[in-house]
Amino acid sequence: MKPALSIILFTTVSGAAQGMALVTAVATLAGNAPQAATPLLLWASTAMLVLGLVASFFHLGHPLRAWRAVLMWRTSWMSREVIALPLFIGLTFVSAWLTTFGYSDGPWAHALAVLTIAGALVLWYCTAMIYMCIRFIQEWAHPLTLVNFALLGLASGLVACGALACAAGDLNFARACAPWALGATALAWGTRVLSLRRNASIKPKSTLQSATGIRSPRVVQKSMGFTGGSFNTREFFHGASLRLMGQAKIGFQVLVFAVPMACLAWALLSMHPLTAWAVAAASQAVGLLVERWFFFAQAQHPQNLYYQVVS
Amino acid sequence: MNEPQPPEETLAKQLALVIDLNVCVGCHACVTSCKEWNTSGAAGPLSDLNAFAENPSGTFFNRVQTFEADSYPDTQTIHFPKSCLHCEDPPCVPVCPTGASYKRASDGIVLVDYDKCIGCKYCSWACPYGAREFDEERKVMTKCTLCVDRIYDELLPPQDRQPACVKACPTGARLFGDVKDPESEVSKAIRERGGYSLMPEWDTQPANQYLPRKITTEVKG
(Lines give C-alpha, C1' and ligand atoms only; values in the text may rest on other atoms or scores of the structure.)
Protein backbone atom coordinates (compact mmCIF):
# COMPACT_ATOMS: atom_id res chain seq x y z
CA MET A 1 0.00 0.00 0.00
CA LYS A 2 1.06 3.59 -0.48
CA PRO A 3 1.44 5.24 2.92
CA ALA A 4 -0.51 8.50 3.20
CA LEU A 5 1.06 11.20 5.37
CA SER A 6 -2.35 12.22 6.73
CA ILE A 7 -3.05 8.74 8.10
CA ILE A 8 0.50 8.28 9.38
CA LEU A 9 0.20 11.53 11.34
CA PHE A 10 -3.29 10.82 12.55
CA THR A 11 -2.62 7.29 13.84
CA THR A 12 0.69 8.13 15.54
CA VAL A 13 -0.20 11.51 17.06
CA SER A 14 -3.63 10.37 18.18
CA GLY A 15 -2.22 7.07 19.48
CA ALA A 16 0.30 8.88 21.68
CA ALA A 17 -2.36 11.32 22.88
CA GLN A 18 -4.58 8.40 23.87
CA GLY A 19 -1.64 6.93 25.78
CA MET A 20 -1.08 10.23 27.61
CA ALA A 21 -4.73 10.58 28.56
CA LEU A 22 -4.83 6.97 29.71
CA VAL A 23 -1.69 7.35 31.84
CA THR A 24 -3.05 10.52 33.46
CA ALA A 25 -6.36 8.78 34.14
CA VAL A 26 -4.65 5.77 35.72
CA ALA A 27 -2.52 8.10 37.85
CA THR A 28 -5.68 9.93 38.93
CA LEU A 29 -7.35 6.68 39.96
CA ALA A 30 -4.21 5.63 41.82
CA GLY A 31 -4.07 9.00 43.58
CA ASN A 32 -0.69 9.73 42.02
CA ALA A 33 -1.67 12.36 39.50
CA PRO A 34 0.94 15.13 39.38
CA GLN A 35 -0.43 18.32 40.91
CA ALA A 36 1.13 20.80 38.53
CA ALA A 37 1.57 18.77 35.41
CA THR A 38 -1.88 17.15 35.05
CA PRO A 39 -3.54 20.07 33.24
CA LEU A 40 -0.52 20.36 30.96
CA LEU A 41 -0.68 16.64 30.12
CA LEU A 42 -4.41 16.75 29.45
CA TRP A 43 -4.24 19.91 27.35
CA ALA A 44 -1.35 18.43 25.38
CA SER A 45 -3.36 15.27 24.85
CA THR A 46 -6.40 17.25 23.71
CA ALA A 47 -4.31 19.35 21.34
CA MET A 48 -2.65 16.29 19.84
CA LEU A 49 -6.02 14.58 19.32
CA VAL A 50 -7.35 17.67 17.55
CA LEU A 51 -4.19 17.76 15.44
CA GLY A 52 -4.76 14.10 14.53
CA LEU A 53 -8.37 14.82 13.63
CA VAL A 54 -7.31 17.73 11.43
CA ALA A 55 -4.66 15.55 9.75
CA SER A 56 -7.26 12.87 8.99
CA PHE A 57 -9.32 15.41 7.05
CA PHE A 58 -6.47 15.77 4.58
CA HIS A 59 -7.07 12.17 3.53
CA LEU A 60 -10.56 12.98 2.28
CA GLY A 61 -11.55 14.01 -1.21
CA HIS A 62 -14.55 15.89 0.20
CA PRO A 63 -13.73 17.06 3.75
CA LEU A 64 -16.94 19.09 3.99
CA ARG A 65 -18.96 15.88 3.76
CA ALA A 66 -16.97 14.27 6.57
CA TRP A 67 -19.96 14.41 8.94
CA ARG A 68 -21.58 11.68 6.83
CA ALA A 69 -18.90 9.27 8.04
CA VAL A 70 -20.78 8.71 11.33
CA LEU A 71 -23.74 7.12 9.58
CA MET A 72 -22.62 3.54 8.97
CA TRP A 73 -21.57 2.68 12.52
CA ARG A 74 -23.47 -0.61 12.27
CA THR A 75 -21.01 -2.04 9.75
CA SER A 76 -17.98 0.22 9.30
CA TRP A 77 -15.05 0.42 11.71
CA MET A 78 -14.11 3.74 10.16
CA SER A 79 -17.53 5.06 11.06
CA ARG A 80 -17.10 3.83 14.63
CA GLU A 81 -13.71 5.52 14.83
CA VAL A 82 -15.19 8.75 13.50
CA ILE A 83 -17.74 8.63 16.35
CA ALA A 84 -15.27 7.56 19.06
CA LEU A 85 -12.61 10.17 18.30
CA PRO A 86 -14.65 13.37 18.94
CA LEU A 87 -16.20 11.77 22.04
CA PHE A 88 -12.74 11.02 23.35
CA ILE A 89 -11.57 14.55 22.53
CA GLY A 90 -14.57 15.79 24.51
CA LEU A 91 -13.52 13.65 27.49
CA THR A 92 -9.94 14.89 27.52
CA PHE A 93 -11.10 18.47 27.00
CA VAL A 94 -13.48 18.31 29.97
CA SER A 95 -10.80 16.67 32.13
CA ALA A 96 -8.25 19.28 31.10
CA TRP A 97 -10.66 22.12 31.78
CA LEU A 98 -11.70 20.80 35.20
CA THR A 99 -8.15 20.15 36.39
CA THR A 100 -7.01 23.55 35.12
CA PHE A 101 -9.62 25.28 37.26
CA GLY A 102 -8.88 23.23 40.33
CA TYR A 103 -11.72 20.73 40.24
CA SER A 104 -9.43 17.76 40.29
CA ASP A 105 -11.07 15.83 43.13
CA GLY A 106 -14.39 14.19 43.69
CA PRO A 107 -16.17 11.07 42.56
CA TRP A 108 -16.78 12.46 39.05
CA ALA A 109 -13.00 12.85 38.64
CA HIS A 110 -12.75 9.11 39.09
CA ALA A 111 -15.69 8.50 36.78
CA LEU A 112 -14.05 10.71 34.18
CA ALA A 113 -10.80 8.81 34.56
CA VAL A 114 -12.56 5.49 34.07
CA LEU A 115 -14.34 6.83 30.99
CA THR A 116 -11.04 8.14 29.62
CA ILE A 117 -9.37 4.74 30.03
CA ALA A 118 -12.30 3.02 28.34
CA GLY A 119 -12.35 5.65 25.58
CA ALA A 120 -8.65 5.27 24.82
CA LEU A 121 -9.02 1.50 24.57
CA VAL A 122 -12.13 1.74 22.38
CA LEU A 123 -10.42 4.21 20.07
CA TRP A 124 -7.33 2.01 19.68
CA TYR A 125 -9.63 -0.89 18.93
CA CYS A 126 -11.57 1.01 16.27
CA THR A 127 -8.41 2.34 14.60
CA ALA A 128 -6.76 -1.07 14.50
CA MET A 129 -9.92 -2.80 13.29
CA ILE A 130 -10.02 -0.52 10.23
CA TYR A 131 -6.91 -2.36 9.05
CA MET A 132 -7.43 -5.72 10.75
CA CYS A 133 -10.85 -6.30 9.25
CA ILE A 134 -9.59 -6.31 5.63
CA ARG A 135 -9.13 -10.05 5.47
CA PHE A 136 -7.15 -10.19 2.25
CA ILE A 137 -4.43 -7.78 3.38
CA GLN A 138 -2.76 -10.60 5.25
CA GLU A 139 -0.10 -8.43 6.94
CA TRP A 140 -2.90 -6.55 8.75
CA ALA A 141 -5.52 -9.23 9.29
CA HIS A 142 -4.12 -10.43 12.60
CA PRO A 143 -4.64 -9.53 16.30
CA LEU A 144 -1.03 -8.29 16.43
CA THR A 145 -2.20 -5.23 14.50
CA LEU A 146 -4.42 -4.28 17.43
CA VAL A 147 -1.76 -5.18 20.00
CA ASN A 148 0.79 -2.99 18.25
CA PHE A 149 -1.51 -0.01 17.78
CA ALA A 150 -2.38 -0.10 21.50
CA LEU A 151 1.10 -0.84 22.84
CA LEU A 152 2.84 1.72 20.62
CA GLY A 153 0.25 4.30 21.65
CA LEU A 154 0.70 3.42 25.30
CA ALA A 155 4.50 3.44 25.15
CA SER A 156 4.67 6.76 23.28
CA GLY A 157 2.06 8.19 25.65
CA LEU A 158 4.12 7.18 28.67
CA VAL A 159 7.30 8.64 27.17
CA ALA A 160 5.49 11.87 26.27
CA CYS A 161 3.98 12.06 29.79
CA GLY A 162 7.39 11.65 31.41
CA ALA A 163 9.03 14.17 29.11
CA LEU A 164 6.31 16.79 29.62
CA ALA A 165 6.19 16.26 33.40
CA CYS A 166 9.96 16.61 33.50
CA ALA A 167 9.83 19.78 31.42
CA ALA A 168 7.16 21.14 33.79
CA GLY A 169 9.47 20.46 36.71
CA ASP A 170 7.57 17.50 38.17
CA LEU A 171 10.53 15.17 38.46
CA ASN A 172 8.73 12.77 40.79
CA PHE A 173 6.00 12.01 38.28
CA ALA A 174 8.57 11.70 35.50
CA ARG A 175 10.54 9.27 37.63
CA ALA A 176 7.38 7.28 38.32
CA CYS A 177 6.67 7.12 34.59
CA ALA A 178 10.15 5.95 33.62
CA PRO A 179 9.95 2.25 34.54
CA TRP A 180 6.47 1.96 33.04
CA ALA A 181 7.63 3.68 29.86
CA LEU A 182 10.63 1.40 29.72
CA GLY A 183 8.47 -1.69 30.21
CA ALA A 184 5.82 -0.64 27.69
CA THR A 185 8.45 0.23 25.09
CA ALA A 186 10.18 -3.12 25.59
CA LEU A 187 6.87 -4.97 25.35
CA ALA A 188 5.89 -3.06 22.22
CA TRP A 189 9.25 -3.91 20.67
CA GLY A 190 8.57 -7.57 21.38
CA THR A 191 5.13 -7.58 19.80
CA ARG A 192 6.25 -5.47 16.83
CA VAL A 193 9.07 -7.95 16.19
CA LEU A 194 6.50 -10.75 16.34
CA SER A 195 4.45 -9.04 13.64
CA LEU A 196 7.57 -8.36 11.54
CA ARG A 197 8.48 -12.04 11.76
CA ARG A 198 4.95 -13.08 10.90
CA ASN A 199 4.83 -10.73 7.92
CA ALA A 200 8.17 -11.98 6.65
CA SER A 201 6.82 -15.51 6.39
CA ILE A 202 3.37 -14.79 4.96
CA LYS A 203 2.44 -16.90 1.97
CA PRO A 204 0.01 -14.88 -0.15
CA LYS A 205 -3.29 -16.69 -0.50
CA SER A 206 -3.95 -15.09 -3.87
CA THR A 207 -1.83 -15.98 -6.86
CA LEU A 208 -1.95 -15.01 -10.51
CA GLN A 209 -3.69 -18.35 -11.02
CA SER A 210 -6.45 -17.60 -8.54
CA ALA A 211 -6.66 -13.98 -9.71
CA THR A 212 -7.22 -14.96 -13.34
CA GLY A 213 -8.52 -18.50 -13.00
CA ILE A 214 -6.01 -19.66 -15.60
CA ARG A 215 -5.04 -23.17 -14.66
CA SER A 216 -1.43 -23.33 -15.62
CA PRO A 217 1.74 -23.60 -13.55
CA ARG A 218 3.14 -20.67 -15.52
CA VAL A 219 1.04 -17.51 -15.77
CA VAL A 220 2.72 -14.15 -16.39
CA GLN A 221 1.22 -10.79 -17.09
CA LYS A 222 2.13 -9.30 -20.44
CA SER A 223 0.12 -6.10 -20.17
CA MET A 224 -1.95 -4.40 -17.49
CA GLY A 225 -3.91 -2.79 -20.30
CA PHE A 226 -2.64 0.78 -20.26
CA THR A 227 0.67 2.61 -20.45
CA GLY A 228 -0.01 5.61 -18.21
CA GLY A 229 -0.57 5.17 -14.51
CA SER A 230 -3.93 4.75 -12.85
CA PHE A 231 -5.40 4.90 -9.37
CA ASN A 232 -4.54 1.21 -9.05
CA THR A 233 -0.86 1.76 -9.79
CA ARG A 234 -0.60 4.78 -7.46
CA GLU A 235 -2.65 3.83 -4.40
CA PHE A 236 -1.39 0.31 -3.84
CA PHE A 237 2.36 0.53 -4.58
CA HIS A 238 4.72 2.41 -2.26
CA GLY A 239 7.46 2.64 -4.90
CA ALA A 240 10.31 2.40 -2.37
CA SER A 241 13.28 0.15 -3.03
CA LEU A 242 13.86 -3.05 -1.09
CA ARG A 243 16.95 -1.41 0.37
CA LEU A 244 14.94 1.54 1.70
CA MET A 245 12.37 -0.84 3.14
CA GLY A 246 15.16 -2.70 4.96
CA GLN A 247 16.60 0.54 6.27
CA ALA A 248 13.18 1.72 7.45
CA LYS A 249 12.64 -1.57 9.27
CA ILE A 250 15.93 -1.27 11.16
CA GLY A 251 15.59 2.50 11.52
CA PHE A 252 12.22 2.52 13.21
CA GLN A 253 13.28 -0.17 15.66
CA VAL A 254 16.31 1.91 16.66
CA LEU A 255 14.33 5.16 16.93
CA VAL A 256 11.13 3.85 18.53
CA PHE A 257 12.60 1.23 20.86
CA ALA A 258 16.38 1.11 21.28
CA VAL A 259 17.20 4.82 21.67
CA PRO A 260 14.22 5.62 23.94
CA MET A 261 14.94 2.60 26.14
CA ALA A 262 18.57 3.64 26.57
CA CYS A 263 17.44 7.21 27.33
CA LEU A 264 14.85 6.01 29.84
CA ALA A 265 17.46 3.94 31.66
CA TRP A 266 19.65 7.03 31.69
CA ALA A 267 16.75 9.14 33.00
CA LEU A 268 16.19 6.69 35.84
CA LEU A 269 19.79 7.02 36.96
CA SER A 270 20.31 10.69 36.28
CA MET A 271 19.72 13.57 38.67
CA HIS A 272 18.92 15.88 35.73
CA PRO A 273 16.90 13.69 33.42
CA LEU A 274 15.36 16.36 31.16
CA THR A 275 17.79 15.79 28.28
CA ALA A 276 17.27 12.05 28.44
CA TRP A 277 13.47 12.43 28.37
CA ALA A 278 13.63 14.96 25.55
CA VAL A 279 15.84 12.70 23.41
CA ALA A 280 13.64 9.69 24.15
CA ALA A 281 10.45 11.53 23.15
CA ALA A 282 11.97 13.11 20.03
CA SER A 283 13.51 9.86 18.84
CA GLN A 284 10.29 7.94 19.41
CA ALA A 285 8.17 10.57 17.69
CA VAL A 286 10.30 10.47 14.53
CA GLY A 287 10.61 6.69 14.73
CA LEU A 288 6.85 6.19 15.00
CA LEU A 289 6.33 8.08 11.74
CA VAL A 290 8.75 5.66 10.09
CA GLU A 291 7.11 2.69 11.82
CA ARG A 292 3.65 3.68 10.56
CA TRP A 293 5.03 4.33 7.06
CA PHE A 294 6.47 0.83 7.12
CA PHE A 295 3.19 -0.62 8.43
CA PHE A 296 1.41 0.63 5.30
CA ALA A 297 4.24 0.00 2.84
CA GLN A 298 4.67 -3.59 3.95
CA ALA A 299 1.01 -4.47 3.31
CA GLN A 300 0.63 -6.36 0.05
CA HIS A 301 -2.72 -5.85 -1.61
CA PRO A 302 -3.90 -8.72 -3.82
CA GLN A 303 -5.02 -6.26 -6.49
CA ASN A 304 -1.32 -5.71 -7.23
CA LEU A 305 -1.33 -9.08 -9.00
CA TYR A 306 -3.26 -7.40 -11.81
CA TYR A 307 -0.82 -4.50 -12.15
CA GLN A 308 2.61 -6.03 -12.64
CA VAL A 309 3.62 -5.21 -16.21
CA VAL A 310 2.85 -2.19 -18.38
CA SER A 311 3.40 -3.99 -21.66
CA MET B 1 -39.42 -16.23 -11.83
CA ASN B 2 -37.50 -18.78 -9.84
CA GLU B 3 -37.65 -19.88 -6.27
CA PRO B 4 -35.38 -17.87 -3.98
CA GLN B 5 -32.25 -19.59 -2.70
CA PRO B 6 -32.27 -20.92 0.89
CA PRO B 7 -30.01 -18.28 2.55
CA GLU B 8 -32.06 -15.23 3.48
CA GLU B 9 -29.44 -12.75 2.29
CA THR B 10 -29.42 -14.05 -1.25
CA LEU B 11 -31.06 -11.75 -3.73
CA ALA B 12 -33.70 -13.01 -6.12
CA LYS B 13 -32.06 -11.22 -9.01
CA GLN B 14 -28.39 -10.62 -9.68
CA LEU B 15 -27.31 -8.96 -12.88
CA ALA B 16 -23.81 -9.82 -13.99
CA LEU B 17 -21.40 -10.19 -16.85
CA VAL B 18 -19.96 -13.47 -18.02
CA ILE B 19 -16.67 -13.12 -19.87
CA ASP B 20 -15.77 -15.72 -22.47
CA LEU B 21 -11.98 -15.98 -22.49
CA ASN B 22 -12.15 -18.22 -25.57
CA VAL B 23 -13.11 -15.40 -27.85
CA CYS B 24 -11.82 -12.20 -26.26
CA VAL B 25 -9.25 -10.85 -28.70
CA GLY B 26 -8.03 -8.01 -26.51
CA CYS B 27 -9.21 -5.22 -28.79
CA HIS B 28 -10.19 -2.88 -25.92
CA ALA B 29 -13.46 -1.94 -27.64
CA CYS B 30 -15.26 -2.64 -24.34
CA VAL B 31 -12.83 -0.32 -22.55
CA THR B 32 -13.39 2.60 -24.88
CA SER B 33 -17.13 2.14 -25.25
CA CYS B 34 -17.46 1.92 -21.46
CA LYS B 35 -15.49 5.13 -21.09
CA GLU B 36 -17.47 6.85 -23.83
CA TRP B 37 -20.85 5.93 -22.40
CA ASN B 38 -20.07 6.52 -18.77
CA THR B 39 -18.10 9.72 -19.12
CA SER B 40 -21.12 11.23 -20.85
CA GLY B 41 -23.76 9.62 -18.68
CA ALA B 42 -25.02 9.57 -15.11
CA ALA B 43 -21.79 8.08 -13.76
CA GLY B 44 -19.53 10.64 -15.40
CA PRO B 45 -17.49 12.48 -16.21
CA LEU B 46 -14.60 10.04 -15.88
CA SER B 47 -11.79 12.53 -15.83
CA ASP B 48 -8.46 12.22 -17.58
CA LEU B 49 -5.43 13.88 -16.06
CA ASN B 50 -2.59 15.08 -18.31
CA ALA B 51 -4.42 13.52 -21.24
CA PHE B 52 -2.00 15.01 -23.78
CA ALA B 53 1.08 15.24 -21.59
CA GLU B 54 3.84 12.91 -20.61
CA ASN B 55 2.08 10.95 -17.88
CA PRO B 56 -1.56 10.55 -18.86
CA SER B 57 -3.88 8.94 -16.35
CA GLY B 58 -7.59 8.42 -16.48
CA THR B 59 -10.52 6.88 -14.70
CA PHE B 60 -11.86 3.71 -16.29
CA PHE B 61 -14.47 1.22 -15.15
CA ASN B 62 -13.13 -1.56 -17.32
CA ARG B 63 -9.66 -2.71 -18.32
CA VAL B 64 -8.42 -5.43 -20.65
CA GLN B 65 -5.25 -7.09 -19.53
CA THR B 66 -3.10 -9.70 -21.23
CA PHE B 67 -1.56 -12.78 -19.67
CA GLU B 68 0.60 -15.55 -21.01
CA ALA B 69 0.24 -19.12 -19.81
CA ASP B 70 2.21 -22.31 -20.29
CA SER B 71 5.52 -22.59 -22.08
CA TYR B 72 6.72 -22.70 -25.66
CA PRO B 73 5.59 -24.33 -27.92
CA ASP B 74 2.23 -24.49 -26.13
CA THR B 75 2.18 -20.86 -25.04
CA GLN B 76 -1.26 -19.30 -24.77
CA THR B 77 -2.03 -15.61 -24.82
CA ILE B 78 -5.10 -14.77 -22.78
CA HIS B 79 -6.82 -11.43 -22.96
CA PHE B 80 -8.55 -10.76 -19.73
CA PRO B 81 -11.19 -8.04 -19.29
CA LYS B 82 -11.57 -6.89 -15.70
CA SER B 83 -14.24 -4.72 -14.14
CA CYS B 84 -16.26 -4.71 -10.93
CA LEU B 85 -17.52 -8.24 -10.29
CA HIS B 86 -20.64 -7.11 -8.37
CA CYS B 87 -19.90 -9.59 -5.59
CA GLU B 88 -22.81 -11.16 -3.79
CA ASP B 89 -20.93 -10.48 -0.56
CA PRO B 90 -19.10 -7.29 -1.54
CA PRO B 91 -16.38 -6.48 1.04
CA CYS B 92 -16.27 -2.88 -0.24
CA VAL B 93 -19.83 -2.09 0.91
CA PRO B 94 -19.87 -2.63 4.71
CA VAL B 95 -16.61 -0.71 5.21
CA CYS B 96 -17.99 2.48 3.65
CA PRO B 97 -18.45 4.95 6.54
CA THR B 98 -21.13 7.02 4.80
CA GLY B 99 -23.29 4.47 3.03
CA ALA B 100 -22.26 5.91 -0.35
CA SER B 101 -21.31 2.39 -1.47
CA TYR B 102 -24.25 0.07 -1.63
CA LYS B 103 -25.56 -3.06 -3.25
CA ARG B 104 -29.00 -2.76 -4.79
CA ALA B 105 -31.46 -5.28 -3.46
CA SER B 106 -33.49 -5.14 -6.67
CA ASP B 107 -30.80 -6.38 -9.06
CA GLY B 108 -27.58 -6.85 -7.11
CA ILE B 109 -25.64 -4.05 -8.79
CA VAL B 110 -22.98 -2.51 -6.54
CA LEU B 111 -23.08 1.26 -6.90
CA VAL B 112 -21.57 4.44 -5.44
CA ASP B 113 -23.70 7.46 -4.62
CA TYR B 114 -21.25 10.19 -5.67
CA ASP B 115 -23.09 12.82 -3.65
CA LYS B 116 -22.48 10.91 -0.42
CA CYS B 117 -18.91 9.76 -1.09
CA ILE B 118 -16.33 11.59 1.04
CA GLY B 119 -13.43 10.24 -1.00
CA CYS B 120 -11.71 8.32 1.82
CA LYS B 121 -10.78 5.47 -0.58
CA TYR B 122 -11.32 2.86 2.12
CA CYS B 123 -13.66 0.85 -0.15
CA SER B 124 -10.89 0.52 -2.74
CA TRP B 125 -8.64 -0.96 -0.07
CA ALA B 126 -11.41 -3.41 0.77
CA CYS B 127 -11.75 -4.69 -2.81
CA PRO B 128 -9.29 -7.50 -3.54
CA TYR B 129 -9.73 -7.07 -7.29
CA GLY B 130 -8.77 -3.42 -7.64
CA ALA B 131 -12.11 -2.83 -9.35
CA ARG B 132 -12.65 0.66 -7.98
CA GLU B 133 -10.92 3.73 -9.31
CA PHE B 134 -10.79 7.04 -7.50
CA ASP B 135 -11.57 9.96 -9.79
CA GLU B 136 -8.83 12.49 -9.09
CA GLU B 137 -10.81 15.40 -10.48
CA ARG B 138 -14.18 14.74 -8.87
CA LYS B 139 -12.55 13.36 -5.70
CA VAL B 140 -15.02 10.49 -5.39
CA MET B 141 -14.74 6.74 -5.82
CA THR B 142 -16.07 5.37 -9.09
CA LYS B 143 -16.72 1.93 -10.47
CA CYS B 144 -18.61 -0.11 -13.05
CA THR B 145 -22.36 0.47 -12.80
CA LEU B 146 -23.28 -2.28 -15.28
CA CYS B 147 -24.56 0.75 -17.22
CA VAL B 148 -27.47 1.08 -14.86
CA ASP B 149 -28.52 4.24 -16.74
CA ARG B 150 -28.79 2.22 -19.94
CA ILE B 151 -30.16 -1.20 -19.15
CA TYR B 152 -33.47 0.15 -17.79
CA ASP B 153 -33.84 3.01 -20.26
CA GLU B 154 -37.12 2.42 -22.05
CA LEU B 155 -36.30 5.10 -24.59
CA LEU B 156 -33.64 2.80 -25.99
CA PRO B 157 -34.63 -0.05 -28.30
CA PRO B 158 -34.75 -3.33 -26.30
CA GLN B 159 -31.63 -4.74 -27.95
CA ASP B 160 -29.66 -1.70 -26.76
CA ARG B 161 -30.65 -2.08 -23.11
CA GLN B 162 -27.35 -3.73 -22.30
CA PRO B 163 -24.07 -2.46 -20.85
CA ALA B 164 -22.02 -0.48 -23.36
CA CYS B 165 -19.16 -2.97 -23.16
CA VAL B 166 -21.46 -5.85 -24.13
CA LYS B 167 -22.82 -3.95 -27.11
CA ALA B 168 -19.33 -3.03 -28.26
CA CYS B 169 -17.69 -6.45 -28.10
CA PRO B 170 -17.07 -7.58 -31.69
CA THR B 171 -16.63 -11.25 -30.79
CA GLY B 172 -19.48 -11.68 -28.33
CA ALA B 173 -17.10 -12.37 -25.46
CA ARG B 174 -19.32 -10.55 -23.00
CA LEU B 175 -22.64 -11.97 -21.92
CA PHE B 176 -25.04 -10.03 -19.70
CA GLY B 177 -28.00 -11.20 -17.68
CA ASP B 178 -29.46 -12.46 -14.41
CA VAL B 179 -27.29 -15.18 -12.92
CA LYS B 180 -30.09 -16.10 -10.49
CA ASP B 181 -32.37 -17.08 -13.35
CA PRO B 182 -31.31 -20.64 -14.27
CA GLU B 183 -32.76 -20.24 -17.76
CA SER B 184 -30.85 -17.06 -18.60
CA GLU B 185 -28.08 -17.06 -21.18
CA VAL B 186 -25.48 -16.27 -18.53
CA SER B 187 -26.62 -19.05 -16.17
CA LYS B 188 -26.57 -21.58 -18.98
CA ALA B 189 -23.11 -20.46 -20.06
CA ILE B 190 -21.79 -20.73 -16.50
CA ARG B 191 -23.39 -24.14 -16.05
CA GLU B 192 -22.47 -25.68 -19.35
CA ARG B 193 -19.05 -24.18 -19.89
CA GLY B 194 -17.48 -24.29 -16.46
CA GLY B 195 -17.86 -20.64 -15.44
CA TYR B 196 -15.62 -19.70 -12.53
CA SER B 197 -15.06 -16.84 -10.05
CA LEU B 198 -11.90 -14.81 -9.51
CA MET B 199 -10.06 -15.21 -6.19
CA PRO B 200 -12.52 -17.70 -4.69
CA GLU B 201 -10.22 -17.83 -1.63
CA TRP B 202 -11.73 -14.62 -0.24
CA ASP B 203 -15.32 -15.83 -0.43
CA THR B 204 -16.64 -12.63 -1.96
CA GLN B 205 -18.91 -14.62 -4.28
CA PRO B 206 -18.42 -12.51 -7.41
CA ALA B 207 -21.51 -12.33 -9.59
CA ASN B 208 -19.41 -11.89 -12.73
CA GLN B 209 -17.90 -15.14 -13.90
CA TYR B 210 -15.36 -16.14 -16.50
CA LEU B 211 -15.58 -18.95 -19.03
CA PRO B 212 -12.26 -20.83 -19.22
CA ARG B 213 -10.37 -21.23 -22.46
CA LYS B 214 -10.74 -24.57 -24.12
CA ILE B 215 -7.67 -25.71 -25.98
CA THR B 216 -8.78 -26.65 -29.47
CA THR B 217 -6.62 -29.33 -30.97
CA GLU B 218 -5.23 -29.00 -34.44
CA VAL B 219 -7.52 -30.30 -37.15
CA LYS B 220 -5.63 -32.35 -39.63
CA GLY B 221 -6.95 -31.90 -43.11
Side-chain angles (χ1 to χ4, degrees), chain A residues 1 4 59-66 68-82 130-131 133-137 205-206 208 210-236 301-307 311, chain B residues 21 26 28 31 50 55-60 63-71 76-78 80 82 91 93-100 115-122 124-136 138-141 196-203 210 212-213:
Chain A
M1 304 293 293
H59 191 244
L60 302 181
H62 285 276
L64 289 179
R65 298 178 187 169
R68 286 185 180 276
V70 302
L71 295 174
M72 289 294 126
W73 55 272
R74 287 181 190 81
T75 61
S76 171
W77 282 105
M78 189 184 284
S79 211
R80 290 165 196 164
E81 184 193 44
V82 167
I130 288 177
Y131 307 102
C133 76
I134 305 179
R135 59 187 185 272
F136 40 81
I137 301 183
K205 275 197 192 173
S206 292
L208 259 187
S210 80
T212 61
I214 300 168
R215 285 191 194 148
S216 164
R218 179 180 172 273
V219 179
V220 286
Q221 186 169 50
K222 288 288 161 181
S223 164
M224 64 173 76
F226 50 93
T227 49
S230 76
F231 172 71
N232 305 73
T233 60
R234 289 187 296 268
E235 181 76 359
F236 300 92
H301 200 287
Q303 78 106 37
N304 292 6
L305 289 167
Y306 296 109
Y307 299 91
S311 70
Chain B
L21 296 180
H28 292 249
V31 178
N50 312 316
N55 295 304
S57 172
T59 313
F60 286 78
R63 305 279 192 180
V64 177
Q65 307 190 316
T66 303
F67 293 89
E68 188 178 276
D70 297 335
S71 305
Q76 298 182 62
T77 298
I78 297 133
F80 182 86
K82 181 171 88 74
V93 168
V95 301
C96 175
T98 69
D115 293 332
K116 291 183 181 165
C117 177
I118 58 173
C120 72
K121 306 173 186 165
Y122 189 30
S124 70
W125 295 13
C127 168
Y129 308 101
R132 292 173 165 247
E133 296 198 14
F134 186 73
D135 191 298
E136 297 289 355
R138 287 189 291 157
K139 300 289 179 196
V140 291
M141 193 56 71
Y196 65 84
S197 306
L198 305 184
M199 294 188 189
E201 61 272 20
W202 302 119
D203 205 25
Y210 288 72
R213 273 169 62 89

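Below, chains carry the letters A, B, ... as their sequence lines are ordered, and counting in each starts from 1.
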Evaluation steps, side chain to side chain contact (heavy atoms under 4.5 Å, CB included), between B/Cys120 and A/Met78: CA-CA 10 Å; B/Cys120 72; A/Met78 189 184 284; 3.8 Å; yes

A/Glu235 vs B/Trp125, side chain to side chain contact (heavy atoms under 4.5 Å, CB included): CA-CA, chis, key distance, verdict: CA-CA 9 Å; A/Glu235 181 76 359; B/Trp125 295 13; 2.9 Å; yes

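The contact between A/His59 and chain B is made by backbone and side chain atoms together, counting heavy-atom distances below 4.5 Å. Residue B/Pro128 touches chain A through both its backbone and its side chain, counting heavy-atom pairs closer than 4.5 Å. Proximity to chain B (any heavy atom under 4.5 Å) is restricted, for A/Arg234, to the side chain, taken from C-beta onward. Within the 4.5 angstrom heavy-atom criterion, only side-chain atoms of B/Ile78, from C-beta onward, approach chain A. Heavy atoms of A/Ile134 lying under 4.5 Å from chain B belong exclusively to its side chain. Using a 4.5 Å cut-off between heavy atoms, B/Glu136 touches chain A through its side chain atoms alone. Contacts of B/Arg213 with chain A are absent, with no heavy-atom separation under 4.5 Å from either backbone or side chain. Contact of B/Asp70 with chain A is made through backbone and side chain together, with heavy-atom distances under 4.5 Å. The contact between B/Tyr129 and chain A is made by backbone and side chain atoms together, counting heavy-atom distances below 4.5 Å. Contacts between A/Val82 and chain B at a heavy-atom distance below 4.5 Å are absent for every atom of the residue. With a threshold of 4.5 angstrom between heavy atoms, A/Ala211 approaches chain B through its backbone and through its side chain. Of the atoms belonging to B/Ser124, heavy atoms from both backbone and side chain fall under 4.5 Å from chain A. Neither the backbone nor the side chain of B/Tyr210 comes within less than 4.5 Å of any heavy atom in chain A. There is no contact between A/Glu81 and chain B, counting heavy-atom distances below 4.5 Å.
With respect to chain B, the highest number of heavy-atom pairs below 4.5 Å among A/Asn304, A/Thr212, A/Asn232, A/Thr227 belongs to A/Thr212. When each of A/Ile137, A/Leu71, A/Ile130, A/Ile214 is checked for heavy-atom pairs under 4.5 Å with chain B, A/Ile130 comes out on top. If you tally non-hydrogen atom pairs under 4.5 Å between each of A/Gly228, A/Ser311, A/Gly213 and chain B, the highest count goes to A/Gly213. Of the listed residues A/Pro63, A/Ser230, A/Ser206, A/Gly229, the one with more heavy-atom pairs under 4.5 angstrom with chain B than any other is A/Ser206. Between chain B and the residues A/Tyr307, A/Tyr306, A/Trp73, the most heavy-atom pairs under 4.5 angstrom are made by A/Tyr306. Here B/Gly119 is the residue among B/Pro212, B/Ala131, B/Gly58, B/Gly119 with the most heavy-atom pairs under 4.5 Å with chain A.
Interatomic distance, OG1 of B/Thr66 versus NZ of A/Lys222, reported as 10.5 Å (0.5 Å rounding). Here A/Arg218 contributes atom CZ and A/Leu208 contributes atom CG; the two are 11.0 Å apart, rounded to the nearest 0.5 Å. Of the inter-residue distances, the one linking A/Arg65 atom CZ with B/Cys117 atom SG reads 7.0 Å to the nearest 0.5 angstrom. Between the NZ atom in B/Lys82 and the CZ atom in B/Phe60 there is a gap of 13.5 Å [rounded to 0.5 Å].
Contact check on B/Glu133 versus B/Arg63 returns a salt bridge, with a Lys/Arg side-chain nitrogen under 4.0 Å from an Asp/Glu carboxylate oxygen.
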